[in-house]
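Report on the structure given below.
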Amino acid sequence: METLWDVALLGAPFTTLTYTLPEGFPHSLWQPGLRVWVPVGRALRPGVLLRPASSSLDPDKLKPLFWPLERAPLLSRDYLEMIEEMAKRVVQDSGAILAAALPAGLRSAKGALVAAGNKRERLSLDALRRLSETERKRWAELWSEGQAEWVLHDSEHRDSLQCFVKQDPPWQVRPQAKRQIAVLDYLWDKGSVNRGRLRHELGNWAGPVLDTLCDKALVEVAAPEECEPDSCSVASGLEDLVLSAEQSRALEGLRHAATQHQAALVHGVTGSGKTVVYAHLAREWLAGGRSVLLLVPEVALARQTLAAVRHFLPGERVYLYHGYQSPKQREKVFTELAGRDEPCVVVGTRSALFLPLRDTGLVVLDEEHAESFKQDERLVYQAKELAFFRVRQSQGFLVLGSATPDLKTFSAAREERLPKVTLQERVGASQLPEIDLVDLREEPPVAGPFAASVHQRLQEVLERGEQAIIMHNRRGYAPLVYCTGCGEVARCPDCEVGLTYHKRRQRLVCHYCGQHKEFPFVCPKCRASQFVPIGEGTELIEEYLSTSLPAGVRVDRLDRDSTRRQGRLEEILAAFSRGESQVLVGTQMLSKGHHFPGVTLAVVVDGDLGLNLPDYRAAERTFQMLVQVAGRAGRGDKPGHVLIQTRDPEHYCWEFVRRGDYEGFFEREAALRQRLSYPPYTKLALVRFSLPTEWEQGAETIREVGRFLRQAGKAAGLRVLGPAPAPLGQLRGRLRYHCLLKGESWQEMRTVYQQVRHRFFRVRQLRIQLDLDPVHMM
DNA sequence: AGCACGCCGACT
DNA sequence: GTCGGCGTGCTC
């Protein structure tokens, strides 16, 4: 009989600890996946039973776990298997993975009470701990028989209310009202947080300040929204389920692939109607009694896709899941799915891969090349890898879809490790747009950031009553400002990068660490306060077009700043798709999957922006983004046109973008990668490490880490490059370095990483992180 | 992350 | 002599 269990802690330090079992509960209760309260130090913490312990610890020295949180395990064995596999791959504790996977409400045990049947007996968690052994046992038996229940603290408490800013800056607040400004700034950065969190982060004074701001209607405090807006007013562009001949062939191809493979690639040009094909396939899998998971890279797309799925699959249970839902909402979806046996559809972003779907049949990863499918802050994981694991585990089928697949994915298809179906035609009357380069060396920008001919073209399009999108991947007003006193550029003191000027907010913002300074700003070098903006961001372009285009033309902006306020994104998209605005200026947010039939012109303000970054994927990324932007033009019945401004018209990327020639680009880029020994021809990992800027032993430690890595790497048959300062050499007051590992085996890389961590474990100033297959080298 | 333990400076 | 500052290290 197993009496020792390994429990993964759901809070820091996330380690797995071993406990004995308490008395009074039926033995059959103890199953993997059961959430429990365990004593850690003198506190109680939530954790998850992983497995009967194999360790040779002395049972007399172990504590008994305290109490189960539920009568049946929330998580299945398959689910735990997935978590543990993931933990192994990213070299982290299972508890850390679980904590990232579970919605907040399920990983934090709120102070709870035990109520007994119909009696009035109530016991707080603390009271329960103080009971005598016999009393505790009696309660355990009562609870086990269903005579007592956990009553979680009600969330109607004021601190659980969500707060969000209701107006875009600039805000009408006296400049002396520092606290009001601090609250507004905080909420603006975070989007929406609950009142408790706000008071915790800023201090208790935030409570009354919040009330003042509510009175001024600058901030709203509301109960977490319980339901998602059901339908989306943005046109989805998907009229019906009738398939073209090409789509039918693709569907047939996928059906066939599913009989002998675990996954397939749908390579379809923008506007070729991939979603309809997915919908058909989804319907078939549902009919077969299996669940369907539909993943898209962004929340806005998830909402659109939800509307389309509901339209196509009426009567099916469809769940939505993404990171911007309220914790309550996510908790509800999570628990409902964990207990659900009938098949259903889930539409969501990357985090939806962690949902406890019982029987995952079909998984669709749309826009599979998108970088948001790999997260790299808290937990480094690749959604594709996890999706693969899930379908393998459940004998399901994974569909990767894109107009511009990840080079790695396409190369797998080329080598016939991954079946591929292709969609080359746009559906309906629309055609792929014509794409032209505008050489800014010959035709320098005269109209704001635009060449004369581009501006001219824009005006013509608007005169005809058509719409245009302007893509520029830089938010804010100006990416740099320099001081007229000393000629220096204003820099972030912690990151050393230039500060971006945001005109509406009257702030200088560091786009890397998020800190901001008020503007006007006093130069730290010469005390002057006159600054001149250099370069242009979306805010400037919006302002420029609003004033230079004929009156009556409405210009809107779509970027992270303009969509911070809740519901703004939908408003902007809806206004554009109803034709109320004619020009939409934005960052790459514009390029993802939106369907605007009225758009006949797309302008890329600076095609070279991403091309010269120190990253082996710079060209791939630029190509993908430009093809996606181009894909927004000419989706209606009028032909589309794309203008790309560049100062480097000879770059090999352009001819392929112009012809919409993915395969050509692939050949060229793949050959380059092979020659330079980059993925997909080798495996790559970064060992990132950072240390405080002000640390005397910094330089010596960097050398030591490098020496150690080179030695350990060599022994493991890896090539080790570096250490080199990371492209963002200083961030948040820390120096950042990395070593690049090249080799054939992920496992060797993990081993080397563990060795270096072990070796420098005691050097507290040093933080070391592993990123297998990094998407960007920053 | 908590929360102890522990070793130095300013007070009754 | 005691209170308390936060550096260091552990939690089954």
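Protein chains get the first letters and strands the later ones, always in sequence-line order, with residue 1 at the start of each. Keep in mind that the numbers below use all heavy atoms, side chains included, and drop hydrogens, waters and symmetry copies.
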Query raised in the report: When the distance from CD of Gln765(A) to C1' of dT8(C) is rounded to whole Å, what number comes out?
Result: 12 Å
Query raised in the report: NA contact type, Gly11(A), heavy-atom cut-off 4.0 Å: base, sugar-phosphate, or nothing?
Result: nothing
Report summary line: By side-chain contact (heavy atoms from CB on, under 4.5 Å), Ser132(A) pairs with (sequence neighbours left out) Thr134(A), Glu135(A)
Query raised in the report: Going by atom types only, do Tyr319(A) and Arg340(A) share a side-chain donor-acceptor pair under 3.5 Å?
Result: yes
Requested in this report: Please state how far atom CG in Leu62(A) lies from atom C1' in dT11(C), giving the value in whole angstrom units.
Outcome: 13 Å
Query - Cation over ring face, Arg71(A) and Trp143(A), 6.0 Å, 45° - result: yes
Report summary line: In whole angstroms, the gap separating C1' of dT11(C) from CG of Leu65(A) amounts to 16 Å
Report task. Would you indicate, yes or no, if dC12(C) has its OP1 or OP2 atom less than 4.0 angstrom from a side-chain nitrogen or oxygen of Lys61(A)? Result -> no
Requested in this report: Provide, to the nearest angstrom, the distance between the CG atom belonging to Leu4(A) and the P atom belonging to dC12(C).
Outcome: 14 Å
Query - For the student: nearest non-hydrogen atoms of Ala370(A) and Pro297(A), plus distance - result: CB-CB, 3.5 Å
Query raised in the report: Taking atom C1' of dA1(B) as reference, at what distance in whole Å does atom CG of Leu10(A) sit?
Result: 13 Å
Query raised in the report: Quick one: Phe14(A) CZ to dG2(B) C1', roughly how many Å, whole number?
Result: 13 Å
Requested in this report: Round to the nearest Å and state the distance from Arg51(A) atom CZ to dC12(C) atom P.
Outcome: 18 Å
Query raised in the report: Separation of Phe761(A) atom CZ from dG9(C) atom C1', in whole Å?
Result: 9 Å
Query raised in the report: Taking only side-chain nitrogens and oxygens of Arg42(A), does any of them come within less than 4.0 Å of OP1 or OP2 of dA4(B)?
Result: yes
